[in-house]
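Heads up: the structure comes next, in structure tokens.
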Amino acid sequence: MNSIRIFPCEFFPTLIIIIPMKHLKRTKIVDILKLTPTNEIINVKGWVRSKRGNKNVNFIALNDGSTIQNIQLVVDVEKFGEEYLKPISTGACISVNGILVASQGQGQAVEINASEIHIYGEADPLTYPLQKKGHSLEFLREIAHLRPRTNTFSAILRIRHAMAFAIHNYFNNHGFFYLHTPIITASDCEGAGQMFQVTTMDLQHIPTDESGKVNFSEDFFGKPANLTVSGQLEGELGALALGSIYTFGPTFRAENSNTPRHLAEFWMIEPEVAFYEIEDNMDLAEDFLKYLIQYALDNCKEDLAFLNQMWDKELIERLEFVTNNKFIRLSYTEGIKILEEAVKNGHKFEFPVSWGTDLQSEHERYLVETHFKCPVILSDYPKEIKAFYMKLNNDNKTVRAMDVLFPKIGEIIGGSQREESYEKLKSRIEEMNIPLKDMWWYLETRKYGTAPHSGFGLGFERLLLFVTGMGNIRDVIPFARTPKNADF
RNA sequence: UCUUCAGUAGCUCAGUUGGUUAGAGCACCUGACUGUUAAUCAGGGGGUCCUAGGUUCAAGUCCUAGCUGAAGAGCCA
């Protein structure tokens, strides 16, 4: 390393002597904390969380993001000089060589006696927005470029990584293949809300035809194109060839949703499996969610403990409850009966309950949080309130849909067994006025070698809301995209 | 998009029935302190009271509109 150390000379106070800092391979704090103290010199690099002390000795709490834990640096003030240490304030980035020793203080097992310090970057205390105190989540959202440097967000981002890894791990272990479905799609029939249009046309001079309509043949793809709202339809194509696939990618919805549970850009996991009935689909969803939550409990202990202590005292308890209890499974019809019973017994809902209407948030919350106090898988909804591709039951009234409802989050998973009959699917498409010409490829999977199959979509950030205990989805993604907000 | 609530120092917030020079804690700066744990102690600086109108002798405080944020609802994962 070409780093240097500068310090004032005793005889010529203005003279600065430059000495190359001894080059050592960096050790991450997460690994340092596992070491037993020897007399070897090690190097640590990171950002200063706090500096305290007196005329003789300074204590620097350093964090490098590898763990929520800081390493304590002990700095002899006389050795470096007050002036040199001054710019090492909260937020500054430094590289330190020193000896790892057993701590003389109470708060930590080991600490580093600093012998050389190089300052990579100062952080002017007058303007650096992060202080050594708690900040509101709303304030931190306004400084999304710096919030990963806080304990809370570094914990969330490490958990986010762990969950992404665990998702791939689970599917790989279960023989699923990761299928990359397109981000840009020219089919407007994915049926999950408003789409963002993709175009290379000059919006100031849009080409039109004789009748004044937009001439999309001049656009990049020669027809209207959008960002995907779901990889499911393509996922089905994969499942009907590879057997078991999953997608895990960004998803875009141009809905004007202003809630703590919605993002315009979010990540979704969509497994799709051939020869799966709806019950198999439920088994997969339950096993998958429990695996992920258990993975977090096993591998993100310190970060979860921090979030539990800081934001949500019941977090770990709630996670353990979910892994230890079977999800309640019941049909939409049974759910309605329970809700009607509740109304009879005096429970007041803002919206009326009756068979055939979609369940409101308050109804789902009643089932999950009040009645069962447990995750619930609701299935077999009336066909009128569900998507065209869901398999019709023999009663001709309900479809094999399933929603997994979680406490605090609501719908975390939505899925179904897919309609595999060419004729039934075709007539559903026609009933819902979806243009058949755009769906020919989807229908051909039913025309040639069709098979029963099922799948679901898991909102990655909704999973993270549950696992981290955060209340707002904008706090579990590094850079949130919501209506009127695409900064950073 | 609808409903409700909020916007005062860098951050978190107090500010009485409308009444003189708008406060506190933390942060920051200066000083003290021989091992601190978001160190402590003493002192200091720091304000377009969200914006624009209006009511009033007088507005941080009341009214109207807008902007921004949050919560709930709808849409959904």
Side-chain angles (χ1 to χ4, degrees), chain A residues 48-61 63 69-78 86 89-91 101 103-108 111 113 123-143 150-151 190-194 229-232 250-270 285 310 349-351 358-365 385-387 403-406 409-415 456-466 471-477 482-485:
Chain A
V48 174
R49 281 293 160 77
S50 79
K51 185 174 75 167
R52 50 183 177 260
N54 53 48
K55 259 204 175 97
N56 303 290
V57 62
N58 276 185
F59 300 94
I60 297 170
N63 188 280
Q69 309 269 29
N70 300 328
I71 186 83
Q72 172 156 283
L73 309 172
V74 184
V75 182
D76 182 341
V77 175
E78 208 180 332
K86 210 172 168 184
S89 55
T90 299
V101 297
S103 178
Q104 294 174 36
Q106 286 301 308
Q108 56 285 314
E111 60 194 16
N113 282 333
D124 183 356
L126 287 174
T127 55
Y128 185 62
L130 292 174
Q131 306 167 0
K132 32 182 186 177
K133 58 164 263 180
H135 290 94
S136 69
L137 295 169
E138 290 83 359
F139 173 68
L140 293 174
R141 264 170 233 154
E142 293 168 9
I143 50 165
T150 64
N151 285 334
E190 291 174 346
Q194 285 296 111
V229 292
S230 167
Q232 182 200 315
T251 308
F252 307 88
R253 306 241 171 123
E255 299 287 351
N256 191 10
S257 297
N258 293 286
T259 84
R261 299 179 306 284
H262 289 86
L263 290 166
E265 176 183 293
F266 64 98
W267 288 66
M268 188 154 64
I269 301 102
E270 297 179 287
M310 207 64 189
F349 289 116
E350 194 186 332
F351 295 91
D358 208 353
L359 295 180
Q360 305 292 318
S361 287
E362 56 172 346
H363 303 142
E364 293 180 350
R365 278 215 313 277
I385 59 173
K386 286 294 180 183
D403 286 356
V404 180
L405 309 177
F406 258 35
I409 314 297
E411 186 181 339
I412 196 167
I413 277 180
F456 60 78
L458 167 67
F460 186 49
E461 284 78 16
R462 290 208 178 155
L463 170 76
L464 287 168
L465 276 181
F466 187 75
N472 191 310
I473 203 161
R474 295 159 204 207
D475 296 332
V476 295
I477 189 166
T482 53
K484 303 272 184 294
N485 192 350

List the atom of A:Lys132, the atom of A:Lys51, and the distance in Å for their closest heavy-atom pair.
-> NZ-O, 3.3 Å

So what does A:Gln104 hit on the nucleic acid, given a heavy-atom distance under 4.0 Å: a base, only sugar-phosphate, or nothing?
-> base

Would you indicate which nucleotide in B:C33, B:G69, B:U12 comes nearest to any side-chain atom of A:Glu138?
-> B:G69

Within the stacking criterion (centroid distance below 5.5 Å, interplanar angle below 30°), does A:Phe266 stack on B:A77?
-> yes

Pairwise C1' distance, B:U61 and B:A14 [rounded to whole Å] = 13 Å

Assess whether one donor atom and one acceptor atom, taken from the side chain of A:Ser257 and the base of B:C75, lie less than 3.5 Å apart.
-> yes

Which is true for A:Gly410 with a 4.0 Å heavy-atom rule: it touches a base, it touches only sugar-phosphate, or it touches nothing?
-> nothing

Check every strand shown and say whether A:Glu461 touches a base, only sugar-phosphate, or nothing at a heavy-atom separation below 4.0 Å.
-> nothing

Without hydrogens or angle criteria, can the side chains of A:Thr251 and A:Arg253 be said to hold a donor-acceptor pair below 3.5 Å?
-> no

With sugar-phosphate meaning primed atoms plus P, OP1 and OP2, does A:Pro129 contact a base, only sugar-phosphate, or nothing at under 4.0 Å between heavy atoms?
-> nothing

Donor/acceptor link under 3.5 angstrom from A:Glu111 side chain onto base of B:G35 | yes

Which part of the nucleic acid, if any, lies within reach of A:Gly105 when heavy atoms closer than 4.0 Å are counted: base, sugar-phosphate only, or nothing?
-> base

OP1 or OP2 of B:A71 under 4.0 Å from side-chain N/O of A:Arg261 | no

Side chains of A:Val74 and A:Val57 in contact at under 4.5 Å (non-hydrogen atoms) | yes

Scanning all shown strands, the Watson-Crick or wobble mate of B:U4 with both distances under 3.5 Å is B:A70

Between A:Thr259 and B:A71, is there a side-chain N or O to OP1/OP2 distance below 4.0 Å?
-> no

Taking NZ from A:Lys484 and P from B:A70, how many angstroms apart are they, rounded to a whole number?
-> 14 Å

Look at all strands and tell whether A:Arg49 reaches a base, only sugar-phosphate, or nothing, counting heavy atoms closer than 4.0 Å.
-> nothing

When only distance counts, do a donor and an acceptor, one from the side chain of A:Asn258 and one from the base of B:U1, lie under 3.5 Å apart?
-> yes

Expressed in whole Å, how much space separates the P atoms belonging to B:G10 and B:C67?
-> 25 Å

Check: A:Ile412 and A:Leu405 side chains under 4.5 Å, non-hydrogen atoms | no

Using atom P of each nucleotide, how far apart are B:A24 and B:C33 to the nearest Å?
-> 27 Å

Looking at the rings of A:His363 and A:Phe351, which for Trp means the six-membered one, are their centres under 6.0 Å apart?
-> no

P atoms of B:C49 and B:G23, separation to the nearest Å | 14 Å

Taking the C1' atom of each, how far is B:C5 from B:G18, in whole Å?
-> 23 Å

Rounded distance in Å - CD1 (A:Ile473) to C1' (B:C76) | 10 Å

Start at the 5' end of RNA chain B and walk down; is the nucleotide closest to A:Gln106 or to A:Arg462 reached first?
-> A:Gln106

Roughly how far apart, to the nearest Å, are B:G47 and B:C2 at atom P?
-> 38 Å

Atom-pair distance (CG on A:Asp124; C1' on B:C29), nearest Å = 12 Å

Distance-minimising heavy-atom pair for A:Thr259 and A:Arg474 | O-NH2, 3.7 Å

Rounded to whole Å, CD of A:Glu142 lies from C1' of B:A70 at a distance of 12 Å

Polar side-chain contact A:His135-B:C11 base: donor and acceptor under 3.5 Å = no

Record whether the side chain of A:Gln108 comes under 3.5 Å of the base of B:U36 through a donor-acceptor pair of N or O atoms.
-> yes

Can you name the nearest heavy-atom pair linking A:Glu270 to A:Ser230, along with the distance?
-> OE2-OG, 3.0 Å

Grab the two heavy atoms, one from A:His135 and one from A:Gln131, that are nearest each other, plus how far apart they are.
-> CE1-N, 3.0 Å

Select one nucleotide: of B:G72, B:G35, B:C29, the one nearest the side-chain heavy atoms of A:Pro260.
-> B:G72

Measure the distance from NZ on A:Lys55 to P on B:G31 and round it to the nearest whole Å.
-> 8 Å

Counting any heavy atom closer than 4.0 Å, what does A:Ile413 reach on the DNA or RNA strands: base, sugar-phosphate only, or nothing?
-> sugar-phosphate

N/O donor-acceptor pair, side chain A:Arg253 with base B:A77, under 3.5 angstrom = yes

Inter-nucleotide P distance (B:G54, B:G60), Å rounded | 15 Å

Quick note, A:Asn256 side chain, CB onward, closest among B:U1, B:C75, B:U34 is B:U1

Paired nucleotide for B:A59 [Watson-Crick or G-U wobble; both distances under 3.5 Å] | none

Using purine N1 to pyrimidine N3 plus N6-O4 or O6-N4 for Watson-Crick, or N1-O2 and O6-N3 for G-U wobble, each under 3.5 Å, what pairs with B:G23?
-> B:C13

Residue-phosphate contact under 4.0 Å: A:Arg141 side-chain N/O, B:A70 OP1/OP2 = yes

Whole-Å distance between B:C26 P and A:Arg52 CZ?
-> 17 Å

Rounding to a whole Å, what distance do you find between A:His363:NE2 and B:A73:C1'?
-> 12 Å

With both distances under 3.5 angstrom, what nucleotide forms a Watson-Crick or G-U wobble pair with B:G46?
-> none

Given B:C76, B:G35, B:A71, which nucleotide is nearest the side-chain atoms of A:His262?
-> B:C76

Just call it for A:Leu463: base, sugar-phosphate, or nothing, with non-hydrogen atoms closer than 4.0 Å on any strand.
-> nothing

A:Asn472 side chain, from C-beta outward: closest of B:G74, B:A71, B:U12 = B:A71

On a whole-Å scale, what distance lies between the C1' atoms belonging to B:C41 and B:C26?
-> 16 Å

Is the shortest heavy-atom distance from the side chain of A:Arg462 to the side chain of A:His262 under 4.5 Å?
-> yes

Rounded to whole angstrom units, what separation is found between the NZ atom of A:Lys51 and the C1' atom of B:C29?
-> 14 Å

Using a cut-off of strictly less than 4.0 Å, decide whether A:Lys132 has a side-chain nitrogen or oxygen near OP1 or OP2 of B:G10.
-> no

Hey, which of these two, A:Gln131 or A:Trp267, hits RNA chain B nearer its 5' end, going by closest nucleotide?
-> A:Gln131

